[in-house]
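Notes follow once the structure below has been shown.
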Amino acid sequence: MEQTITSLLLEHSEQLFGMKLEASHFQFQKTKKELKGDITLVIFPFVKMLRCSPQEAGVKIGDFLVAHAGFISSYEVVSGFLNLVVSDAYWIEKLNEIQSETLYGWAKPDSASRIMVEYSSPNTNKPLHLGHLRNNFLGYSVSEILKANGHKVVKTQVINDRGIHICKSMLAWERFSPINAAGERETPQNTGLKGDKLVGKYYVEFDKQFNSEAKAIISQWEQGDFEGFSEELKSEFLKLEAAKEGKEAKALKGIEDKIKDLAKNQTTILRDAKEMLIKWEARDPQVYLLWTTMNGWVYDGFDVTYKAMGVDFDKLYYESETFLLGKDMVLEGLEKGVFYRKQDGSVWIDLTSDGLDEKLVLRSDGTAVYITQDIGTAVDRFKDYPDLSSIIYTVGNEQDYHFKVLFLILKKLGYDWADQCAHLSYGMVDLPSGKMKSREGTVVDADDLMEEVVAKAAEMTRERGHLEGMTEEEKEELFQLIGMGGLKYYLLKVDPKKRMLFNPEESIELNGNTGPFIQYAHARIRSLIAKAGTMPSNTIASALLPEEKEIVQLLSEYPVVVKEAGRELSPALIANYTYELVKAYNHFYQSVYILNEPNTELRELRLILSDSVAKVIRSSMQLLGIRVPERM
RNA sequence: GGUCCCGUAGCUCAGCUGGAUAGAGCAACUGCCUUCUAAGCAGUAGGUCUUUGGUUCGAAUCCAAACGGGAUCACCA
């Protein structure tokens, strides 16, 4: 409609204003609630050019639109704003249109380019936590939103399955696992523990031993005993000790951390883990077997977690298979002069002219670093999917710098698609008690949290839900749907870019701006429709109540919101929109009769309105990965 | 220290490329279930949009600085 008005006015701008106007002059907004009208054109931008008062300009445009745009029935000019009243006939036609479309608001499937969305990408040494939940829900939802915008989407992750951290769990398991009567160490099978939890347990165990060994070394040093340590180390330690003198708490902690690092590097347990990594890289059969076994446990555990989350992937990349990929790119770039080699053999890129630093891309021993692999993986992905237009990396904002560098390097290597790639950088999730810290045990486990929200949903639904006639299985399904819906909505309703606070109590709330609030509205409508029996295919009503018009207006905005969410990669826009729609519907529901409306024409109108709202709720929630119930 | 992000009601968040009197939810207080699901609705109260300058018809929004919070700057990932 805004476009129709704009082009109409542009077309006649010479006869109306005596000059050519530009589309950018047209600013529309929804008319304020208290005022008469549906849509408002801001007049100010024209005033200067037209050399007349806002009032005159408004009247001129208003008169013209009433005469030439069929759907504008009247107007009012209020202090520089032209408030246009759109005829009810227009909105009713709009409603019929919405009702007739099955995939209302979505672009034609496969009508746009192929995009890869990467999300999750966990380490295989510990279980998934609350931060991963935000990551996964976001990545999944953005994938759905892109599909709704016509894109073909490849959901992917790169699994961080190698490196020193993996060796730590492996070593700890080998060394510290108790051996049972059958002569076996702990396994998921003989303990009943979820695989990722079991491996995570040994990662923690490693850290414990690691720390106590380091502590022992420090106290040895503190007593002046440097037996078995180099002179260099001794002087380094003494230097740091001396630096502690007279320092404030914050600086003191920094120094103590440095001392700790110093000691940690001297522990035998770390040396052993590093040795294991070298063996792994050399494909030592024993280490390799241990590695595949323990990773297998983790994958089994992750599968369970992903299933509960309701997310999935189309293609997996494993770091163990990709970590060498970037090396060729680096050598190629070296030839092109994009990179340069230092005396010690390490390879770097100088990004200082782009306002960044120098960045290492290959170690002096020729091994790959994190970014080397990312370069290789990106190129590889475009080879795997030749029609790929972009990769979207759903990764926390602590890696903003990394991706800035990555995209810049890819660009310098001559890959034009680098400009299309994006870092969907999301903020950290904080707890009321502060930051999540694995060392302090304040990490919220993903499985535990999901179990908790579902249990809470069950409790509350049993209290007040409409469960008669449902089988136990159906009830469980419903509790799952409500609990997970609440959790997902809670994590997705805030702008992804922003750091957010996770309040456990609020996350299981059922009232207000929550998932269950929206699900409830859907259930109410569905039950209404079930009672109605038949659904009319269109309405022949000729007038709308304000409550009804409000809803049609909101419904008509849905396609715009879907587009916007796709452009911004923001599920929050979908969530907020749906919340507005539901609020408007609830208001309408409470103020008029629907089924009980005696006038057939009105009843049909309201039924269609309700049905369309349910449809858009279902559709928008699908974009968030949230299911909606028929009853609750 | 360099770079980047953030600062809106007691709390958690909306506020699109500048537009009318800054909005929701939670918490507090008032009402509404013998008509379609009260996980709902209607209402009251709550604000110097961190501060100070600038840009202009007009600033929560754009620019600059200050203050406060966070991230990052590894031959870690």
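Small disclaimer: the values here were computed from a predicted structure and weren't measured. Heavy atoms only: backbone and side chains are in, while hydrogens, waters and symmetry mates are out. In what follows, chains are A, B, ... by sequence order, proteins preceding strands, each numbered from 1.
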B/U44 versus B/G7 - spacing of their P atoms, nearest Å: 29 Å

Residue-phosphate contact under 4.0 Å: A/N511 side-chain N/O, B/C26 OP1/OP2: no

Touch class at under 4.0 angstrom, heavy-atom based, for A/A523 against every strand present: base

Closest-nucleotide 5' rank along RNA chain B - winner of A/K404 and A/K342: A/K404

Presence of A/K531 side-chain N/O under 4.0 Å of B/U37 phosphate oxygens OP1/OP2: yes

Side chain to side chain donor-acceptor pair (under 3.5 Å) partners for A/T578, two or more places apart: A/S620

is_close_aromatic(A/F137, A/Y119), centroid dist under 6.0 Å: no

C1' atoms of B/A14 and B/U52, separation to the nearest Å: 27 Å

Touch class at under 4.0 angstrom, heavy-atom based, for A/H466 against every strand present: base

Inter-nucleotide C1' distance (B/C49, B/C4), Å rounded: 23 Å

Sugar-phosphate, base or nothing in reach of A/Y401, heavy atoms under 4.0 Å: sugar-phosphate

Heavy-atom side-chain contact between A/R162 and A/E281 under 4.5 Å: yes

Sugar-phosphate only, base, or nothing, as touched by A/E319 at under 4.0 Å among non-hydrogen atoms: sugar-phosphate

B/C33: syn or anti, per glycosidic angle within 90° of 0: syn

P gap between B/C13 and B/G1, integer Å: 28 Å

Sugar-phosphate only, base, or nothing, as touched by A/L35 at under 4.0 Å among non-hydrogen atoms: base

Any A/R524 side-chain nitrogen or oxygen under 4.0 Å from OP1 or OP2 of B/C41: no

Charged N-O contact under 4.0 Å between A/R606 and A/E547: no

Touch class at under 4.0 angstrom, heavy-atom based, for A/N83 against every strand present: base

Euclidean distance, atom CE of residue A/M460 to atom P of B/A38 [Å, nearest integer]: 18 Å

Salt-bridge criterion met for A/K30 and A/E550 (N-O under 4.0 Å): yes

Pairs involving residues 118-128 of chain A, ordered by first then second residue, that meet salt bridge (charged side-chain N to carboxylate O under 4.0 Å, His left out) (sequence neighbours left out): A/E118-A/R381

Phosphate OP1/OP2 of B/A20 contacted by A/S79 side-chain N/O (<4.0 Å): no

Those residues that, when tested against A/Y520, pass side chain to side chain donor-acceptor pair (under 3.5 Å) (two or more places apart): none

Separation of B/U3 C1' from A/L408 CG (nearest whole Å): 14 Å

Pairwise 5' ranking along RNA chain B for A/K435 and A/H165, keeping only the more 5' one: A/K435

Per-nucleotide protein contact string for nucleotides 5-19 of chain B, where B marks a base within reach and S marks sugar-phosphate only (heavy atoms under 4.0 Å, - for neither): --S----SSS----B

Salt bridge present between A/R631 and A/E474 (N-O < 4.0 angstrom): no

Sugar-phosphate only, base, or nothing, as touched by A/V592 at under 4.0 Å among non-hydrogen atoms: base

Any A/N586 side-chain N or O less than 4.0 Å from OP1/OP2 of B/C41: yes

Touch class at under 4.0 angstrom, heavy-atom based, for A/S425 against every strand present: nothing

A/R363 side chain near B/C76 phosphate (N/O to OP1/OP2, under 4.0 Å): yes

Touch class at under 4.0 angstrom, heavy-atom based, for A/S591 against every strand present: nothing

Of the listed nucleotides B/U21, B/A24, B/U37, the one nearest the side chain of A/K32: B/U21

Distance, P atom - from B/U21 to B/G25, rounded to whole angstrom: 23 Å

Pairs touching residues 499-514 of chain A that satisfy salt bridge (charged side-chain N to carboxylate O under 4.0 Å, His left out), sequence neighbours left out: A/D430-A/R499

Rounded distance in Å - NZ (A/K583) to C1' (B/A42): 14 Å

Residue A/F517, side-chain heavy atoms: nucleotide from B/C41, B/A20, B/C36 that is nearest: B/C41

Counterpart residues, side chain to side chain donor-acceptor pair (under 3.5 Å), relative to A/S320 (two or more places apart): A/D161

Phosphate OP1/OP2 of B/A42 contacted by A/H587 side-chain N/O (<4.0 Å): yes

Sorted by number, the residues of residues 366-377 of chain A with heavy-atom contact under 4.0 Å to RNA chain B: A/V369, A/Y370

Euclidean distance for P, B/U61 against B/C6 (whole angstrom): 13 Å

P atoms of B/A27 and B/G69, separation to the nearest Å: 31 Å

Interatomic distance where OH belongs to A/Y589 and P belongs to B/C33 [whole Å]: 16 Å

Test of ring centre spacing under 6.0 Å for A/F81 and A/F44: yes

Length of the line joining A/Q399:CD and B/U3:C1', which is rounded to integer Å: 17 Å

Per-nucleotide pairing state of RNA chain B [Watson-Crick or G-U, under 3.5 Å; [ ] pseudoknot-crossing; | other strand]: (((((((..((((.....[...)))).(((((.......))))).....(((((..]....))))))))))))....

Under the salt bridge (Lys or Arg N to Asp or Glu O under 4.0 Å) test, residues paired with A/K475 that sit two or more places apart: A/E472

A/Q590 CD - B/U35 P separation (whole Å): 12 Å

Separation of atom CG in A/D161 from atom C1' in B/A77, rounded to whole Å: 13 Å

Value in whole Å for how far the P atom of B/A20 lies from CD1 of A/I39: 16 Å

Sugar-phosphate, base or nothing in reach of A/Y579, heavy atoms under 4.0 Å: sugar-phosphate

Qualifying salt bridge (charged side-chain N to carboxylate O under 4.0 Å, His left out) pairs, either residue in residues 346-362 of chain A, two or more places apart: A/K342-A/E358, A/D354-A/K412

Under the salt bridge (Lys or Arg N to Asp or Glu O under 4.0 Å) test, residues paired with A/K497 that sit two or more places apart: A/D495

Inter-nucleotide C1' distance (B/G31, B/G47), Å rounded: 26 Å

Residues in side chain to side chain donor-acceptor pair (under 3.5 Å) contact with A/Y585, at least two apart in sequence or another chain: A/S610

